[in-house]
Amino acid sequence: MKIEESEKLLPKSVFDEMKAKIKEYKISSDKTISKITEETIKAYEKSLICPAESIGIISAQSIGEPGTQMTLNTKHFAGVSEMNVTQGLPRIIEIFGARKQSSTPSMKIYIKAPHNNNEKFIRQFSANILETLLKDLSKEINVDLINFRVEIVLDLNEMRNMNVSMEKILKQISLSKIKAEIKEEGDKIYFVSKNNEVNDLFKLKVQASEIFISGIKNITQVLPQKKISEFVILTAGSNLKKILIIPEVDIQRTITNDIFEISNVLGIEAARTAIIEEGMNVFNEQGLSIDVRHLMLMADVMTHDGIVKGIGRYGVSGQKSSVLARASFEVALKHLFSAAVHNEVDELKGVVENIMINQPIPVGTGAYKLKLKEVKKK
Amino acid sequence: MTEVCFNGVIVGTVKNAEEFSNNLKKLRRNNQLTNKLNVHYDKKADSLQVLTEAGRARRPLIIVENGKSKLNDELIEKLKSRALKWNDLVKLGVIEYLDAEEEEDSYIALNEKDLNEKHTHLEIINAGILGSQAGLAPFSNHNSTGRVMLAAKMITQGLGIYTTNFNLRIDSDVSIMHYPQKPVVDTMIYKNVKYDSHPIGQNVVIAIMTNEGYNMDDAIVLNKDSVGLGLFRSTFFKPYICEELRYSGEKDEITRLPDPDKGVSRLRGMEEDYAKLEDDGIIYPEAKIHPNSVLVGKVSPPRFLMGTEEFRMEMREKNDSSIACEREDGKVDSVILTETEDGNKFVNIRIRQARIPEIGDKFATRHGQKGVIGMLVPKKDMPFTSTGVYPDIIFSPHSIPSRMTVGQLIEIIGGKVGALGGRNVDGTIFSSESEKDLRTQLHELGFRENGSETLYDGKTGRMLNVRIFIGNVYYMRLKYMVSNKYHMRTRGPVQLLTRQPTEGRSKDGGLRLGEMEKDVLVAHGAALLLKERFDSDKEIMPVCSKCGMISYINYYRNKGVCSICGEDAPVTFIEMSYAFKLLLDELKSLCIYPKLNIKYKD
Ligand SMILES: [Zn+2]
């Protein structure tokens with residue numbers, strides 16, 4: 001068989017790899033190449049799943065078994081840094097449960113070539129993206145009950161470090177739509193309350209200290225790290241959209257661990273890849289190995305209709321088409337009543353339903369039926 | 001300010017908690033406060049606990065002041081001459097009892113020579129740290145902590161003579177060992193709690209070697225001839241009770257032979273099950289019983305009678321409610337006839353079974369090394385030493401390294417020395433006879449000092465190429481025996497509601513194929529096997545194909561009847577699990593109409 005003929009029979013990645021290997025080993029004999037092609041096709045076909053194989057349960061068992069060995073340690077300190085990353089079982093639950101709020105969102109920011117070894121640039125960059133609130137730049141925040149105002153004493157050193165000028169602060173305060181009269185006096189800023197209520201004054205204090213001054217929202221911590229040949233900035237908190245706009249950022253490698261953000265910014269295919277990567281990472285970091293195809297199946301199930309759905313009551317399991325399967329999973333009454341109200345029909349095509357009514361399940365040997373046509377003897 | 005809690009209730013605050021607690025202790029030692037009081041100052045929570053409640057485990061310790069034990073030589077002399085007693089020492093403030101809370105505040109020395117200024121208390125005996133239970137095992141200071149605790153737990157399960165008046169008592173599920181022996185290697189605590197009067201095991205010869213794999217995974221190989229000579233033999237007692245209940249009117253239960261000729265409707269067993277009953281309907285002592293033998297014959301009035309039926313004589317049919325034994329052989333040990341508080345006749349029958357060690361019975365040493373019998377090997381096939389000694393037990397060497405029960409190995413040497421020298425060996429922790437001494441003594445007795453010997457294969461007579469560690473050890477037979485646990489079922493009783501098999505050994509139940517086991521069959525795609533495994537409640541149901549509800553057949557007219565569509569309904573038969581039919585019924589009770597849409601297979 002000629003190598004070109006196999007292009008239709010093999011997936012692109014396998015075909016490309018085979019071609020590259022043939023080139024790498026400098027094989028030129030047509031006979032050998034033909035043999036290699038045939039063997040590759042044979043191996044590929046052997047690795048295909050048979051029809052009616054219960055891949056769902058096999059995946060569940062293959063993920064579940066190493067899952068039992070996973071340590072329940074939630075927190076793990078990545079080296080010297082003080083960055084917390086959820087790991088182990090809690091992280092798995094986060095990924096596959098498709099929790100909207102990740103408990104430890106984090107980004108890995110790569111910088112484009114000329115700057116990625118410039119330590120000074122990296123430090124400046126880190127300072128610029130770090131979310132800075134008014135309270136981060138102030139020494140003291142006082143409530144002045146006599147004059148009914150909030151007094152903020154600015155920390156000039158910190159302002160210099162963060163590269164923030166007084167004008168910038170005032171501009172951001174005016175943008176923040178805070179309901180108070182603002183007065184500036186040296187290194188002090190006063191927020192004078194418009195009504196004379198003590199409760200409002202304390203509310204004003206909280207509002208004033210939370211005024212956004214500079215940086216990128218949600219990035220609460222930055223940590224530049226020297227990797228082998230370049231600097232990588234790790235962050236706590238994630239804001240992919242804003243980071244990717246910055247021209248110096250290498251948009252191809254910069255990544256977040258927040259799957260919903262990836263889904264919103266980069267699309268559902270990227271979210272699928274992210275689920276696989278993140279899932280694989282959790283297992284690998286615990287020293288457990290599972291076949292990536294199990295996670296690929298999970299990711300496919302979670303993303304196949306365009307939005308990220310979790311495995312569970314509100315996601316995949318809660319949206320099964322069979323009434324009986326849904327009822328047997330959780331909150332039986334709710335599903336049964338809603339099915340009755342909507343006059344639903346259970347086609348009894350799934351595994352769970354058929355076990356319930358004691359009929360052969362439609363997987364494996366039960367997926368096929370013998371159709372016999374009676375031939376009458378003449 | 002520190003909170004002060006008295007028996008868990010806040011009663012006030014003090015400024016200097018440490019001083020306050022010291023004062024309380026001083027008052028207690030001077031007998032100005034009850035000696036049942038304990039104080040604990042929790043620095044972290046900043047609270048002071050004063051406890052006088054009942055139910056705290058407390059233990060006595062010698063008080064130490066300024067690095068010196070308060071039990072001085074003068075007092076010891078007085079104790080020796082019996083001028084002083086234990087209670088006097090408590091009153092004198094020499095000994096006090098600490099509970100678990102106050103122990104947290106104390107610094108307790110194990111030995112008097114270790115005492116320094118910081119110590120607050122001294123152990124009365126250093127072996128006392130194990131308590132009376134774990135202290136029964138010898139050489140525990142050579143074992144890992146977990147094994148010591150396991151051993152303490154297993155000592156409570158060893159068969160022996162649990163009480164000397166066991167013959168007069170009716171206890172449920174107890175065993176008596178026939179020939180319990182004092183251990184060759186004992187401890188000081190063992191002697192002091194007088195365990196010698198009711199020991200819990202026997203001294204056996206143990207060889208540490210493999211034996212054709214029959215002692216793998218913690219199993220042990222037992223010498224069948226030793227068992228034949230009575231090793232570890234025990235008797236199991238089990239009581240059965242029968243009460244003559246009285247109902248209203250003349251409807252009383254009567255203990256008598258249920259006789260079908262006298263209106264008893266149906267016997268609960270076979271006729272021969274009743275063979276051993278005497279005229280009063282009660283079995284006689286020493287009667288041999290078989291599985292399902294009836295012990296007491298009893299007839300009861302029918303339970304459910306409607307209105308007028310109650311007064312009609314012919315309806316006074318009697319039900320057989322005899323008491324039968326479970327699936328076991330044995331003998332009737334004693335029959336006790338008495339009355340209950342309500343004046344009802346009460347029969348108490350105790351059956352007895354000889355329990356000879358069999359494959360699956362559980363045994364353990366005093367070092368937390370438990371295991372079941374894997375094989376009973378005849379003496380002729382057991383290995384033997386050059387002096388003709390056969391081991392009673394062959395113990396797997398793989399059980400030793402990971403458990404680190406070095407104490408057991410020392411006990412084997414100690415047991416060998418004791419057995420050969422005709423004496424007891426002291427294995428009290430911290431003060432036991434030293435391993436070195438035992439080894440030299442063993443050598444003096446004419447054996448290899450490390451306890452190993454050359455063994456010969458019992459089957460071939462050939463010398464084994466390795467020397468085998470062999471000696472004497474104290475073994476206990478634990479109360480768990482296979483004959484109480486084994487269970488099998490082919491067909492049997494089902495539950496009334498679901499028609500699925502009952503659960504549990506006592507109800508002759510089925511073995512459940514659970515959720516995860518089901519998943520395995522699904523993963524293999526074994527659809528028909530799965531169906532077959534789950535059809536214990538398979539039922540063929542007549543279903544009306546018009547309205548989709550369960551209907552029924554009028555066999556007299558051979559026509560299907562549907563309670564909705566009436567007679568001559570188009571009824572078809574559908575195979576389903578009874579549990580599913582039950583689900584449909586429950587849905588109906590929720591006002592949901594579960595219609596079965598029937599399609600014919602094409
Ligand atoms: Zn009908």
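Every chain is numbered from 1, with letters handed out A, B, ... down the list of sequences. Side-chain atoms are counted along with the backbone in the values below, which use heavy atoms only and exclude waters and symmetry mates.
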Residues, nucleotides or ligands: over 12 heavy atoms within 6.0 Å of Y214(B) OH | no
Checking L583(B) against chain A: side chain, backbone, both or neither under 4.5 Å from a heavy atom?
-> side chain
Side chain / backbone / both / neither for L333(A) at chain B, heavy atoms under 4.5 Å = side chain
Compare every heavy atom of I361(A) with every heavy atom of A527(B), then report the nearest pair and how far apart it is.
-> CB-O, 3.5 Å
Among A367(A), A340(A), P362(A), P360(A), residue most engaged with chain B (heavy-atom pairs, under 4.5 Å) = P360(A)
For the residue pair M356(A) and S577(B), what are the closest heavy atoms and their distance?
-> O-OG, 2.8 Å
At a heavy-atom separation under 4.5 Å, does D537(B) approach chain A through its side chain, its backbone, both, or neither?
-> neither
Proximity breakdown for V363(A) and chain B, heavy-atom pairs closer than 4.5 Å = both
Around atom NZ of K588(B), are there more than 12 heavy atoms of other residues, nucleotides or ligands at under 6.0 Å?
-> yes
Pick out which of E539(B), E532(B), E575(B) makes a side chain to side chain contact (heavy atoms under 4.5 Å, CB included) with N358(A).
-> E575(B)
E277(A) CD: over 12 foreign heavy atoms closer than 6.0 Å | no
About how many Å separate CG of L587(B) and CG of L336(A), when rounded to the nearest 0.5 Å?
-> 5.5 Å
Take atom OH in Y555(B); do more than 12 heavy atoms of anything else shown fall under 6.0 Å from it?
-> no
For H524(B), does its backbone N or O pair with a side-chain atom of S54(A) as donor and acceptor, under 3.5 Å?
-> no
Heavy-atom distances under 4.5 Å only: say whether L348(A) touches chain B with side chain, backbone, both or neither.
-> neither
Does K531(B) offer a backbone N or O that forms a donor-acceptor pair with the side chain of Q359(A) under 3.5 Å?
-> no
Salt bridge (Lys or Arg N to Asp or Glu O under 4.0 Å): which pairs involve residues 331-358 of chain A, sequence neighbours left out?
-> R326(A)-E344(A)
Taking a cut-off of under 4.5 angstrom between non-hydrogen atoms, the residues of residues 293-306 of chain A near chain B are none
Around E503(B), counting heavy atoms of other residues, nucleotides and ligands shown, do more than 12 lie under 6.0 Å from its CD?
-> no
So does K546(B) have more than 12 non-hydrogen atoms from other groups sitting under 6.0 Å from NZ?
-> no
Side chain, backbone, both or neither: which part of V341(A) has a non-hydrogen atom closer than 4.5 Å to chain B?
-> neither
Side chain, backbone, both or neither: which part of A526(B) has a non-hydrogen atom closer than 4.5 Å to chain A?
-> backbone
Report the distance from atom OG1 of T365(A) to atom CG of L530(B), rounding to the nearest 0.5 Å.
-> 9.5 Å
For L48(A), does the CG atom sit with more than 12 other heavy atoms under 6.0 Å from it, leaving out its own atoms?
-> yes
Residue K518(B) versus chain A: region with a heavy atom under 4.5 Å | side chain
